[in-house]
Amino acid sequence: MLTRPQRPPNSGGLTAPLRIGMFRALWSATMLSNFGWLIQGTAAAWLMTSLAGTADMVALVQTAEQLPIVVLSLLAGAAADLWDRRVVLLIAQLWMFAVSTLLSLMTFMGLITPWALLGLTFALGLGAALQGPASQSVMRELVPPEDLPAAVTLSSIAYNFARSAAPGIGGILVATAGAQAAFLVNAVSYIGLIAVLLFWRRPKLKDDLPREHVASAIITGLRYALETRPIQSTVIRSAAFAFAATAPIALLPLVARDLAGGGPVTYGLLLGGFGAGAMGSAFFIHTLRQKLGADLLVRCLAVIFALQLLILALVPYKIVMVFALALGGIGWLGSFTSLNISIQTISAFWVQARIFSFYQMTQFVAMALGSWLWGELAVVTSLQTALLAAGGCMLATGFLGFVFHLPTGPAPDLRPAATRRQDPATAFAFRQDEGPVLVLVEYRVSVQDARAFARSMEEVGHLRKRNGARHWQVFQDVADAEHWIEAFDVRSWLDYRRQARRATAADEAIEARVRHYHKGDEPPLLRHLIARHFDQPTT
């Protein structure tokens with residue numbers, strides 16, 4: 001497995017990851033490419049107004065940009081886990097560079113049409129979809145675990161800085177040099193990241209097993225998420241927050257026009273307030289999270305975000321609205337950063353890109369549904385009603401914390417287990433892809449320890465299933481109360497061998513707690529049975 005970098009002397013605080021050369025290079029180059037991506041989005045939307053001019057076609061530009069991220073997120077996560085993440089990132093950047101260059105040339109030559117613009121924007125979205133999970137996953141390779149929250153926060157700062165400044169730069173570029181210039185700037189913005197990735201000598205992962213098939217890898221990733229309660233809680237909290245938090249962003253042009261009585265300048269001022277709040281919060285959210293913990297912080301930020309929506313609905317004064325949107329920016333960046341950190345620190349290394357892709361996909365789906373619902377509600381009722389309803393929905397997300405807790409305390413030790421389970425001896429030959437394989441683990445447990453043992457086995461069940469088991473159950477012998485059998489099955493012998501490679505130090509600790517209840521000097525008896533078919537030899 002990859003070894004983590006040693007923590008540099010005197011590290012700590014928000015800027016600690018920037019002391020690591022490769023993180024600093026990737027962070028700087030990614031921020032530059034974020035500028036290009038957001039400038040391109042502004043230029044594409046504006047160009048569509050002159051090519052088609054209808055609201056539905058203009059809206060489709062954003063859809064074409066984001067749809068690939070929703071549809072291909074799980075596939076991109078599997079690719080980032082199965083192949084070299086540096087190569088995956090490099091392919092994504094080269095693809096977006098080529099598409100952006102083509103888009104610029106076609107626009108300059110007057111060959112661009114509304115549907116060509118949508119098609120090329122969709123193609124750019126494919127690159128962004130491929131990049132996302134791999135980009136998030138490499139952070140854990142570059143910084144020590146204690147600096148991961150700061151690294152995630154710095155990435156959020158870089159993106160929000162670009163989001164605050166890039167649309168204005170894009171507008172100026174389009175006005176002075178045309179959309180083709182903005183598209184060319186986007187293409188150039190990828191060159192720095194391509195160069196960094198070409199010079200990065202990422203350590204190679206060593207594995208003596210064949211690479212897992214993509215479809216199987218996706219299913220394994222989903223199973224891991226569904227069998228890990230903290231991941232479930234984080235994904236649910238993220239989707240709920242995203243659903244409500246899209247309201248001010250989706251409705252802001254109407255807020256500027258109908259409630260604040262302004263035009264494009266007012267809209268830009270309100271957007272600036274939101275961006276300023278997000279940028280400003282980045283420098284104290286990291287400290288607040290350390291003091292309060294992610295769960296309490298996200299609940300408090302939900303209240304702050306809801307307050308923003310209440311003010312926007314009821315106080316039609318521009319300066320007050322700008323202040324309210326600054327509060328919203330604080331809630332937006334603080335919540336998503338905290339949720340992102342949580343998902344990063346509770347996912348095992350071997351599956352982390354797939355888990356992030358699942359988290360990202362649910363977040364984008366929630367945002368899309370929220371944008372549609374709040375817009376429809378504003379049409380059917382009123383703009384104020386939609387904002388107040390979104391505020392109530394945001395407050396409700398705080399109560400989710402009582403059921404779906406975000407991880408608190410020290411992160412689980414997800415390093416590879418110190419002792420790897422050895423492949424068992426076999427009495428006859430069979431193919432690695434044969435199966436299913438039934439595994440039986442026999443324990444001797446005193447009657448007085450039975451209840452505690454059974455409770456501990458529940459954790460083992462989740463462990464087995466998230467590492468690859470399809471079914472799991474524990475049985476007690478009706479003729480011998482001290483005899484217990486744990487049974488689980490995996491799809492093939494190869495999958496059983498993979499299961500051993502996936503074990504972490506935290507898994508090892510769970511199994512050790514269960515073995516504590518086992519009586520006798522010998523370890524629990526382990527049996528392996530493979531399904532046999534009539535067309536296969538039995539000896």
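In this model, a donor atom of one side chain and an acceptor atom of the other lie less than 3.5 Å apart for Glu212 and Ser216. Defined by atom type and a distance below 3.5 Å, a donor-acceptor pair is present between the side-chain atoms of Ser73 and Gln360. Side-chain contact annotation: Gln344 with Arg140, donor-acceptor N/O pair under 3.5 Å absent.
Counting non-hydrogen atoms of neighbouring residues, nucleotides and ligands closer than 6.0 angstrom, the CH2 atom of Trp95 reaches no more than 12 such neighbours. Heavy-atom neighbours of Trp83 CH2 from other residues, nucleotides or ligands within 6.0 Å: above the threshold of 12.
Cation-pi contact between Arg502 and Tyr224: absent, since separation from the ring centre below 6.0 Å together with deviation from the ring axis within 45° is not met.
In this structure, the side chains of Arg498 and Thr220 stay at 4.5 Å or more apart for every pair of heavy atoms. At least one side-chain heavy atom of Met321 sits under 4.5 Å from a side-chain heavy atom of Val255. Within the 4.5 Å cutoff, side-chain heavy atoms of Thr397 are placed close to those of Met394. Within the 4.5 Å cutoff, no side-chain heavy atoms of Pro416 are placed close to those of Thr504.
A search for side chain to side chain donor-acceptor pair (under 3.5 Å) contacts involving Gln363 returns Ser238, Tyr359, not counting sequence neighbours. When the side-chain contact (heavy atoms from CB on, under 4.5 Å) test is applied to Leu118, the partners found at least two apart in sequence or on another chain are Met48, Met57, Leu60, Val61, Ala64, Trp115.
Pairs engaging residues 216-227 under the salt bridge (Lys or Arg N to Asp or Glu O under 4.0 Å) rule: Glu227-Lys465 [sequence neighbours left out].
Aromatic ring centres of Phe305 and Phe241 lie closer together than 6.0 Å.
A donor-acceptor pair is defined here as one N or O able to donate and one able to accept, closer than 3.5 Å; such a pair exists between the side chain of Asn186 and the backbone of Trp37.
Ring pair Phe243/Trp374 is tilted by interplanar angle, where 30° to 60° counts as tilted.
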